[in-house]
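The basis for the numbers below is simple: all heavy atoms, side chains too, and nothing from hydrogens, waters or symmetry mates. Letters go in sequence order (proteins before strands), and every chain restarts at 1.
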Protein chains: 2
Amino acid sequence: MKILVTGGLGTVGSGLIRELRKRGHHVLSCDNRHQPDQWAFAIQSDIERPTYAKADVSEYRQIERIFEKAGPFDYVYHCAAEFGRWNGEDYYETLWKTNVVGTKHIIRLQEELGFRLIHFSSSEVYGDWPELMVETVMDDHEIKQLNDYAMTKWVNEMQIRNSCLMNSTESVVVRLFNTYGPGEYYSPYRSVNCRFLYCALNGYPWTVFRGHARTSTYLLDTVMTLANIIDNFQSGETYNIGGATLHSIEELSDVVLKVAGASPKLVCYKDSEALTTKAKPVDASKAVRDLRHKNSYDLETGMRLTAEWMRNVYALT
Amino acid sequence: MKILVTGGLGTVGSGLIRELRKRGHHVLSCDNRHQPDQWAFAIQSDIERPTYAKADVSEYRQIERIFEKAGPFDYVYHCAAEFGRWNGEDYYETLWKTNVVGTKHIIRLQEELGFRLIHFSSSEVYGDWPELMVETVMDDHEIKQLNDYAMTKWVNEMQIRNSCLMNSTESVVVRLFNTYGPGEYYSPYRSVNCRFLYCALNGYPWTVFRGHARTSTYLLDTVMTLANIIDNFQSGETYNIGGATLHSIEELSDVVLKVAGASPKLVCYKDSEALTTKAKPVDASKAVRDLRHKNSYDLETGMRLTAEWMRNVYALT
């Protein structure tokens with residue numbers, strides 16, 4: 001299959017490209033940075049067969065040009081997005097432009113060109129839902145999203161739903177729950193797993209908010225499931241992709257202390273955080289059934305592998 | 001001195017930061033990507049003393065916030081820009097927003113906060129000028145810039161000039177001529193030195209347009225000169241920063257073949273390129289006089305050091 005992955009330099013996108021190529025697909029990608037293997041448009045590229053294009057998804061012309069130059073594509077994995085709740089609060093102009101205008105551009109191109117779309121949503125769309133997170137919750141309940149990032153992700157799902165109904169576009173939505181692993185470069189806006197581990201390996205203190213619980217999915221597991229989608233593409237479906245076991249943030253922090261060999265004195269405990277979902281128990285049974293989703297790495301094994309990668313990438317001892 | 005460098009992850013910016021810190025200055029920087037040492041705004045940063053902020057200079061709020069959080073600054077080196085002629089043609093939306101709207105934001109902040117500005121312009125502002133490029137050419141002659149990148153750089157110079165006249169802001173403009181060296185990561189839009197060398201080391205063919213001549217300045221020389229500006233800041237001045245020796249593109253290509261040990265068969269020769277300045281002889285005597293500008297690396301030495309760096313960075317043998 002010929003596939004475009006937007007956000008191809010991101011944590012999920014880069015892992016997904018590797019897996020899709022391993023399976024023999026012809027994969028091209030784009031992201032908003034220059035790269036050695038990129039197309040030049042006004043001039044001839046130095047590289048004979050570029051597989052990457054620099055493009056800002058919020059700029060229609062830059063995205064459309066990829067389809068003209070390198071399309072048609074059978075599938076588009078649309079990973080390009082501003083990621084994370086606090087990143088979205090700090091960079092809301094970029095968030096809304098990239099996530100909402102950017103995704104609308106992709107949908108318009110889909111309506112014209114007819115590719116199948118796999119769109120990346122987030123567990124954040126479940127907002128303050130206090131019970132088991134099943135895909136159908138929003139069919140029966142009105143959910144209030146707790147931050148702008150969550151809102152953009154929910155808006156995207158409705159944009160796609162409307163396009164499916166109005167224009168018969170074919171799309172699948174995946175809602176990723178807390179995902180971590182090698183390939184997730186540290187910033188203060190990344191997953192709690194990444195943040196704690198980076199702090200521990202550097203000897204920086206971190207804060208644990210008590211009373212919150214999450215699942216953790218190892219990136220490689222997520223990537224395998226995502227790559228399976230095109231083997232059983234069911235348009236209109238939405239899938240939770242998450243871990244099987246709920247753990248408290250205290251437990252995660254303890255695992256970090258263990259795999260990093262860090263001092264418990266680094267950890268500061270506080271009462272639970274405002275406007276943050278207490279627990280996110282996830283029903284991923286539909287992804288298990290349709291997409292052969294597996295959780296092959298327990299938290300400690302996954303965190304140990306992530307620590308190894310992180311030590312290497314940041315030259316930490 | 002307390003200094004902000006915009007575009008701090010770029011080729012010139014990153015080298016400049018290193019040199020300014022070596023000289024004991026307190027340097028903060030920004031660029032448009034996430035980095036481990038970055039500020040978080042809505043949440044507490046994990047790192048105790050961040051020295052970097054993610055910001056898109058075309059978004060006023062994101063830039064203003066840096067001055068509020070980390071200012072006041074004595075000097076701002078404004079390196080942030082979309083770089084290069086063909087990059088500008090391929091990404092003109094981003095080019096005009098970043099270079100022109102972005103620089104206007106910096107000027108507005110300067111008018112309010114009173115820091116001294118060092119603005120990065122380009123030899124491209126000389127357009128089709130056929131003779132020696134002296135800073136005063138535009139006082140006597142009407143120049144036609146040959147591409148949008150050149151136009152944004154010339155617009156910036158006029159914006160700064162108008163602000164100096166209207167609001168008594170204090171600024172220095174530097175016009176960089178072809179600069180190369182370790183720290184310049186390859187993309188098809190980078191300097192001709194970088195492109196040829198990357199092709200040679202990878203065994204890719206490249207095209208030499210006959211009849212063009214340039215100077216080449218080694219990045220470290222440029223960086224030293226730039227760091228010297230604050231020791232002798234003369235508001236209103238414009239400086240050419242360029243090499244002392246004009247060489248043809250054929251000669252550069254021959255040096256590349258030599259230092260890379262590549263086959264001459266990789267080189268294809270063509271007649272001269274349209275809308276490209278034939279020769280860019282530069283008068284850098286003012287920078288030599290006021291800023292102690294030196295060209296300490298001859299082309300072959302500089303290219304040999306760059307090749308070493310490039311082999312290492314791209315894991316080439």
*Would the B/Tyr186 and B/Tyr314 ring centres measure less than 6.0 Å apart?*
no
_Axial cation check for A/Phe67 ring with A/Arg108, 6.0 Å and 45° limits_ = no
*Please determine, among A/Tyr189, A/Tyr185, A/Tyr204, A/Tyr198, the option with the most heavy-atom pairs under 4.5 Å with chain B.*
A/Tyr189
*Residue by residue, which of residues 92-104 of chain B have a heavy atom closer than 4.5 Å to a heavy atom belonging to chain A?*
B/Tyr92, B/Glu93, B/Thr94, B/Lys97
_Main-chain N/O of A/Leu201 paired to A/Arg311 side chain as donor or acceptor, under 3.5 Å_ = no
*Return yes if some donor-acceptor pair links the side-chain N/O of B/Lys153 with the main-chain N/O of B/Phe120 below 3.5 Å, else return no.*
yes
_At a 4.5 Å cut-off on heavy atoms, which part of A/Asn202 comes close to chain B: side chain, backbone, both, or neither?_
neither
*Exam field: side chain B/Asp31 to backbone B/Arg33, donor-acceptor pair closer than 3.5 Å*: no
*asked:* Which atoms of B/Asn32 are under 4.5 Å from chain A, going by heavy atoms: the side chain, the backbone, both sets, or neither?
replied: neither
*In residues 36-47 of chain A, which residues are in contact with chain B at a heavy-atom separation under 4.5 Å?*
A/Pro36, A/Gln38, A/Trp39, A/Ala40, A/Phe41, A/Ala42, A/Ile43, A/Asp46, A/Ile47
*asked:* I'd like to know if the side chain of A/Thr6 reaches the main chain of A/Cys79, judged simply by a donor and an acceptor atom lying under 3.5 Å from each other, with no hydrogens or angles considered.
replied: yes
*Below 4.0 angstrom, N of the basic side chain to O of the carboxylate: do A/Arg190 and A/Glu184 qualify?*
yes
*Give a yes or no on whether the backbone of B/Gly127 and the side-chain of B/Gln145 come within a donor-acceptor separation of less than 3.5 Å.*
no
*Is B/Arg210 reaching over with its side chain to a backbone N or O of B/Tyr269, donor-acceptor style, under 3.5 angstrom?*
no
*Under a 4.5 Å heavy-atom cutoff, which of A/Glu48, A/Glu89, A/Arg195 has the most pairs with chain B?*
A/Arg195
*Between the main-chain N or O of B/Tyr149 and the side-chain N or O of B/Asn147, is there a donor-acceptor pair closer than 3.5 Å?*
yes
*Between B/Gln62, B/Glu59, B/Arg61, B/His34, which shows the greatest number of heavy-atom pairs under 4.5 Å with chain A?*
B/Arg61
*Nearest-0.5 Å distance that lies between atom OG in B/Ser187 and atom CD in A/Gln35*: 9.5 Å
*Indicate yes or no: does A/Arg214 engage A/Glu251 in a salt bridge with an N to O separation below 4.0 Å.*
no
*Quick one: what part of A/Asp56 sits under 4.5 Å from any heavy atom of chain B, side chain, backbone, both or neither?*
neither
